Amino acid sequence: MNTQQTVTISKHNHIGILTIDYPPVNALSQSVRQGLIDGLENLENDNTVKAIVLQCQSRTFIAGADIKEFGKPPTEPLLPCVVNRIEDSTKPVVAAIFGTSLGGGFEVALACHYRVALADAKIGLPEVNLGLIPGAGGTQRLPRIVGAQKALEMVTSGKHYGVSELANKDITSDKGLTLFDAIFEANSDLLAQTLVYVEGLINSNNLQIKRVGEQSVNDDNFDWSKAITTISKKARGKEAPVVAANILFDTKAMGIKDGMKLEREAFLTLRQSEQSAALRYAFSIEKIAAKTDFKETPLAINNVGVIGGGNMGSGIATAFLAAGFNLTLIEQNQAALDSGVERIKTNFKRNLKSGRINQKQMDTCLDNLIATTDYHQLGQSELVVEAIFEDLAVKKQLFAKLEKVCNADCILATNTSYLDINAIADVIKRPQQVIGMHFFSPANIMKLVEVVQADKSSKVALISAMAVVKKLNKISVLVGVCFGFAGNRMYTRYGREIQQMLLEGAKIEQIDQAMTTWGMAMGPLAVQDLSGIDIGHNARSAQPFPEYDPGYFRAAATMVENNRLGRKTGQGFYRYDQDNNNGSKPEVDPVAADLIRAKAAELGIKSTEFNDEIIVERALLALISEGLSLYKEGIVQRLSDIDVVWLHGYGFPRHKGGPMFQAIQIGKDNIALMLERLRSQQGSKIWPEVDLSLLDELSL
Ligand code: T1G
């Protein structure tokens with residue numbers, strides 16, 4: 001697109017209008033940046049123009065720098081120059097904000113002399129979510145309006161803020177500058193109201209050139225040291241929030257130009273960092289994960305049935321209700337149904353208490369719930385998701401029943417984690433309606449859903465399920481049928497490696513500490529205790545034991561044999577003392593270590609020395625090895641989908657990008673050497689040959 005098409009000029013009486021039209025989100029591409037400079041120049045030179053309105057077409061005011069340009073060398077005009085040029089304009093510039101004005105988009109608005117917005121617009125500086133800091137004056141202009149404390153919160157959190165929320169706090173600088181000079185009703189005509197507003201300023205001789213950059217930062221009575229310490233602790237290894245906080249502190253008394261110079265240097269350094277590469281990669285792979293080459297149109301789905309009101313079923317039902325679906329919850333008897341409804345209400349009350357929803361929203365959602373033991377109430381459902389006991393025979397019976405009571409187009413989805421969906425589909429006459437929708441617990445919170453394509457699943461059913469997942473504000477990944485699909489298959493391999501290291505002498509707490517220090521949300525053994533060691537043990541027991549791997553999950557089996565199932569029995573890999581945080585704090589328990597050591601001796605497994613680096617390396621290699629194998633088998637559409645699964649299903653640290661992103665950082669040659677060493681120690685069935693050239697497909 002050339003400059004003229006992306007930024008156009010028009011006039012309304014004495015008001016010049018700069019219009020950006022660069023779909024889908026008016027990102028600040030080179031053509032937009034150049035168009036702004038040229039357009040501003042043109043209107044400044046037009047003597048009939050007294051003020052300039054900057055507006056956008058399509059769905060939102062500028063949503064930020066153009067992420068597609070990130071990996072490329074910067075091109076002129078650089079964004080800091082554009083925003084400074086706007087602020088230095090000889091005529092007042094008014095930003096007309098709607099949609100989501102983020103990052104560089106909001107930095108442009110801050111450089112304008114007035115900001116007006118629709119009440120339902122959102123703003124924010126989310127750069128830290130990409131491992132960056134605002135790089136075009138955001139760390140300089142925002143504190144000059146809202147003060148140090150609020151600016152520190154907004155920049156280091158990377159959150160989106162509602163215009164109304166910010167305006168309500170009447171946030172003004174000590175010079176009377178405000179974030180928004182006027183707020184108009186949501187869904188109203190923004191341009192028309194902006195023009196009336198500006199005409200009013202012109203006619204009342206109140207039009208000014210209010211340059212934010214000329215103000216000073218108000219940090220009276222603000223304890224910077226305490227704030228920065230808190231931010232550093234919360235960052236948990238993420239660099240950008242800490243850099244942002246220090247830039248705000250270091251530049252608070254500087255002039256805008258000097259401050260922006262320091263900001264830019266820090267921005268460019270972060271842009272070269274592995275963390276930023278990982279976070280930008282994570283953002284981009286999420287956007288493509290839900291894409292398929294299916295040509296079919298998704299079915300309209302508004303009425304959903306959920307079978308089973310246990311933890312998973314009630315979590316899934318909560319997610320659908322919160323997203324505005326009509327939801328029919330089915331249980332086998334009234335008592336189980338009442339428990340399911342109670343769990344759903346508890347989930348909503350938690351959201352109400354946290355302020356995520358208000359009472360009216362909660363009541364509206366719950367009004368859409370029908371709870372019944374009568375399967376015939378599923379007659380209107382377009383999608384039914386079962387989350388009943390993880391037993392193949394029971395699920396087969398259920399699907400045969402569902403086929404009778406549901407309409408012919410109803411999609412029948414199983415939430416099974418491990419069972420063979422093809423075997424379930426084979427018991428009904430319409431196998432094309434059968435798919436998997438594998439939610440992750442807690443299903444009302446975790447964003448990942450594996451949409452499982454069984455051999456006979458229709459593409460309409462699959463693409464409709466993926467559209468539903470987007471409506472649930474979750475992320476879907478299309479996977480094929482195998483034991484554990486993509487996530488749990490890799491999780492099983494990862495768990496095997498963790499437990500093998502236990503048998504080889506690594507301490508329980510040493511493994512968990514190594515993995516959490518590296519960045520995992522929780523230690524793998526503490527996770528086992530939390531979910532129940534018997535859950536995975538029972539699923540594995542239904543599979544043939546791999547004789548070539550004598551240590552295969554024997555540590556977990558030993559725990560189960562000694563009724564050490566985890567938190568629910570007060571002991572597992574750790575001990576849980578009721579007097580200590582109501583039994584929620586894991587405590588090292590020598591009994592567990594003794595049991596594992598005895599099992600290792602019985603198996604003749606030699607003990608070896610471990611350090612954090614070896615622990616993390618073997619855990620990662622297990623994930624990389626299994627991920628490459630399942631990709632080769634076609635279980636996922638693209639290698640990066642594996643990283644989406646691990647970022648959103650298993651607490652893999654986002655600033656590490658995912659197992660496949662890490663494979664790129666480690667390097668194919670290093671991986672080959674490490675795998676060869678492990679293969680020679682443990683055999684090629686446990687460490688099979690993998691095609692490392694597949695990693696070349698990852699576009700970082
Ligand atoms: N650049 C280019 N394309 C973008 C984009 C961006 N910043 N943001 C979104 N898109 C594309 C996206 O790929 C998709 O494309 C379509 O828009 C819809 O996106 C100097 C350096 C804006 C809230 O971090 O948070 O400015 O797949 O599916 O759910 O300080 O996109 O349709 O072809 O997500 O309605 C700061 C990132 C950049 C904003 C819309 N800005 N984007 O959400 O739609 S860093 C951001 C978002 C920066 C300066 C620094 C969301 C959204 P396609 P979508 P959505």
Side-chain angles (χ1 to χ4, degrees), residues 1 6 20 22-33 36 56 58-72 74-75 77-84 86 97-111 120-142 151 154-162 240 243-244 247-248 259-260 263-273 276-277 279-292 323 447 466-467 469-476 644 654 699:
M1 257 189 180
T6 52
I20 301 174
Y22 185 64
V25 296
N26 295 308
L28 286 157
S29 63
Q30 192 280 336
S31 67
V32 169
R33 300 195 303 273
L36 285 173
C56 290
S58 178
R59 59 196 280 185
T60 178
F61 189 77
I62 310 164
D66 191 341
I67 291 182
K68 291 192 261 308
E69 291 184 358
F70 270 14
K72 301 168 191 155
T75 50
L78 299 177
L79 189 54
C81 304
V82 175
V83 296
N84 289 340
I86 290 169
I97 300 170
F98 69 110
T100 42
S101 168
L102 300 169
F106 189 51
E107 288 175 299
V108 165
L110 288 169
D120 60 346
K122 291 184 186 298
I123 59 101
L125 293 172
E127 286 86 345
V128 291
N129 300 329
L130 299 172
L132 302 168
I133 64 169
T139 65
Q140 306 301 302
R141 291 188 173 89
L142 185 62
M154 293 174 73
V155 173
T156 58
S157 70
K159 283 192 333 188
H160 299 180
Y161 291 82
V243 170
I247 282 292
L248 277 151
M260 282 185 70
E263 172 197 73
R264 185 79 185 162
E265 284 165 11
F267 166 79
L268 293 174
T269 303
L270 284 172
R271 200 170 70 161
Q272 303 306 320
S273 69
S276 182
L279 289 165
R280 297 198 312 265
Y281 165 77
F283 177 83
S284 62
I285 61 175
E286 287 161 352
K287 297 294 166 204
I288 56 176
K291 294 185 194 288
T292 67
K447 293 205 42 107
M466 295 179 86
V469 170
K470 185 164 173 80
K471 202 177 162 192
L472 291 171
N473 192 27
K474 292 177 180 288
I475 292 175
S476 59
V644 172
R654 190 175 176 83
S699 54

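Below, each value reflects all heavy atoms present in this structure, side chains not excepted, and no hydrogens, waters or symmetry copies. Indexing begins at 1, ligand by ligand and atom by atom, following the structure's order. Note that this is a predicted model, so its numbers are computed, not measured.
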Please check if the side chain of N129 supplies one atom and the backbone of G158 the other of a donor-acceptor pair under 3.5 Å. yes

Between K122 and G99 (side chain of the first, backbone of the second, donor and acceptor by atom type, cut-off under 3.5 Å), is there such a pair? no

So CG of L125 and CG of L110: to nearest 0.5 Å the spacing works out to 7.0 Å

Protein contact to atom 2 (C) of ligand 1 [nearest heavy atom, distance to 0.1 Å]: D66 OD1, 3.3 Å

Identity and separation of the nearest protein heavy atom to atom 25 (O) of ligand 1: L102 CD1, 3.9 Å

Look up atom CG in L279 and atom CG in L132, then write down how far apart they are to the nearest 0.5 Å. 8.5 Å

Classify the contact between F70 and ligand 1 as side chain, backbone, both or neither, using a heavy-atom distance cut-off of under 4.0 Å. side chain

Sub-4.0 Å heavy-atom approach of K122 to ligand 1: no

Taken in chain and number order and not counting sequence neighbours, the residues that satisfy ring-ring contact (aromatic ring centres under 6.0 Å, His included) with Y281 are F661

re atom 37 (C) of ligand 1, the protein heavy-atom contact at minimum distance is F283 CZ, 3.5 Å

If you measure from each heavy atom of G138 to ligand 1, is any distance below 4.0 Å? no

Taking atom 35 (O) of ligand 1 as the reference point, the nearest protein heavy atom with its distance: R59 NH2, 2.5 Å

So, taking the atom named CD in Q140 and the one named CD in E107, what distance separates them when rounded to the nearest 0.5 Å? 10.0 Å

Apply the test side chain to side chain donor-acceptor pair (under 3.5 Å) to residues Q30 and T75: give CA-CA distance (whole Å), side-chain angles for both, the deciding distance (0.1 Å), then the verdict. CA-CA 7 Å; Q30 192 280 336; T75 50; 5.3 Å; no

Within the 4.5 Å heavy-atom criterion, are I62 and I20 side-chain neighbours or not? yes

Mind checking whether E263 contacts ligand 1 via backbone (N, CA, C, O), side chain (CB onward), both or neither, at a 4.0 Å heavy-atom cut-off? neither

Looking only at distance, does K287 have an N or O less than 3.5 Å from an N or O of ligand 1? yes

Exam field: side chain R280 to backbone L130, donor-acceptor pair closer than 3.5 Å: no

Side chains of residues 265-273: which donor-acceptor partners sit under 3.5 Å, not counting sequence neighbours?
from: E265; atom 1: OE2; to: K261; atom 2: NZ; distance (Å): 3.1
from: T269; atom 1: OG1; to: E265; atom 2: O; distance (Å): 2.9
from: S273; atom 1: OG; to: L270; atom 2: O; distance (Å): 2.6
from: S273; atom 1: OG; to: S276; atom 2: N; distance (Å): 3.1

Any idea which protein heavy atom is nearest atom 14 (C) of ligand 1, and the distance to it? P24 CG, 4.5 Å

For G135, is at least one N or O under 3.5 Å away from an N or O on ligand 1? yes

I67 N/O under 3.5 Å from ligand 1 N/O: yes

Less than 3.5 Å between some nitrogen or oxygen of T100 and one of ligand 1, yes or no? no

Taking atom NZ as the centre, does K474 end up with more than 12 heavy-atom neighbours from other residues, nucleotides or ligands that are less than 6.0 angstrom away? yes

Provide, to 0.1 Å, the distance between atom 33 (O) of ligand 1 and the closest protein heavy atom, together with that atom's residue and name. K291 NZ, 4.7 Å

Less than 4.0 Å between atom 27 (O) of ligand 1 and some protein heavy atom, yes or no? yes

In this structure, atom 4 (C) of ligand 1 is nearest to the protein heavy atom V25 CG2, 3.6 Å

Specify side chain, backbone, both or neither for A65, according to which of its non-hydrogen atoms lie closer than 4.0 Å to ligand 1. both

Give the numbers and elements of all ligand 1 atoms closer than 4.0 Å to a heavy atom of A27. 1 (N), 2 (C)

Separation between CG (L102) and NZ (K159), nearest 0.5 Å, reads 14.0 Å

Worked verdict on T100 versus R59 for side chain to side chain donor-acceptor pair (under 3.5 Å): CA-CA 9 Å; T100 42; R59 59 196 280 185; over 6 Å; no

Can you pull out the closest protein heavy atom to atom 41 (N) of ligand 1? Residue, atom name and distance to 0.1 Å, please. A63 O, 3.0 Å

Ligand-side contact atoms (ligand 1) for residue partner L130, heavy atom cut-off under 4.0 Å: 24 (O), 38 (C), 45 (S)

Only heavy atoms of G64, strictly under 4.0 Å: list the atoms of ligand 1 that pass. 26 (O), 41 (N)

Sub-4.0 Å protein heavy atom near atom 19 (O) of ligand 1: no

With respect to G104, determine whether any N or O atom, backbone or side chain, lies less than 3.5 Å from an N or O atom of ligand 1. yes

L79 to ligand 1: N or O pair under 3.5 Å? no

About how many Å separate CG of L248 and CD of E263, when rounded to the nearest 0.5 Å? 8.5 Å

Would you tell me which option among E69, E107, E286 has the nearest heavy-atom contact to atom 49 (C) of ligand 1? E107

